[in-house]
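Reading through the structure tokens given below for one structure.
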Amino acid sequence: MQKTEVEYLSYKKAMEILGLNSYKTLTAYIKAGLPVIEVANSKRIKKSDLDAFMTSHYVNNKEE
């Protein structure tokens with residue numbers, strides 16, 4: 001059985017991928033600009049948006 005990668009993630013799955021234990025932290029990411037797709041009462045985070053958001057917040061400590 002081949003496992004397919006899901007492009008639109010539930011909050012729970014997005015938290016798993018990020019290693020988060022708190023919805024408060026995910027909410028802080030959303031307030032910081034993480035895009036959310038909302039249709040009716042369903043909210044999803046696009047995997048590529050999640051990756052782009054995290055990459056855009058990369059901090060290179062070697063430059064300090």
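Values in this document were obtained by computation on a predicted structure and should not be read as measured data. The first residue in the sequence is number 1, and the count goes up from there.
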Side-chain heavy-atom pair Asp51, Phe53 within 4.5 angstrom cut-off: no
Spacing of Leu26 atom CG and Asn21 atom CG [to the nearest 0.5 Å]: 12.0 Å
Pairwise side-chain contact, Ser48 with Glu7, heavy-atom cut-off 4.5 Å (strictly under): yes
Intermediate values then yes/no, side-chain contact (heavy atoms from CB on, under 4.5 Å), Arg44 and Val39: CA-CA 9 Å; Arg44 295 288 182 259; Val39 178; over 6 Å; no
Residues His57, Tyr29; criterion side-chain contact (heavy atoms from CB on, under 4.5 Å); working and verdict: CA-CA 10 Å; His57 287 83; Tyr29 285 13; over 6 Å; no
Point-to-point distance, once rounded to the nearest 0.5 Å, from CD1 of Ile17 to CG of Leu50: 6.5 Å
Counterpart residues, side chain to side chain donor-acceptor pair (under 3.5 Å), relative to Lys43 (two or more places apart): none
Atom of Tyr11, atom of Ile30 and distance for their closest heavy-atom approach: OH-CD1, 3.6 Å
Euclidean distance, Lys47 NZ relative to Leu9 CG, rounded to 0.5 Å: 7.0 Å
Salt bridge (charged side-chain N to carboxylate O under 4.0 Å, His left out) contacts in which one or both residues fall within residues 14-27, not counting sequence neighbours: Lys13-Glu16
CG-OG1 distance between Leu20 and Thr27, expressed to the nearest 0.5 angstrom: 10.0 Å
Residue list, side chain to side chain donor-acceptor pair (under 3.5 Å) with Ser56, at least two apart or on another chain: none
Spacing of CD1 belonging to Ile37 relative to OH belonging to Tyr8, to within rounding of 0.5 Å: 5.0 Å
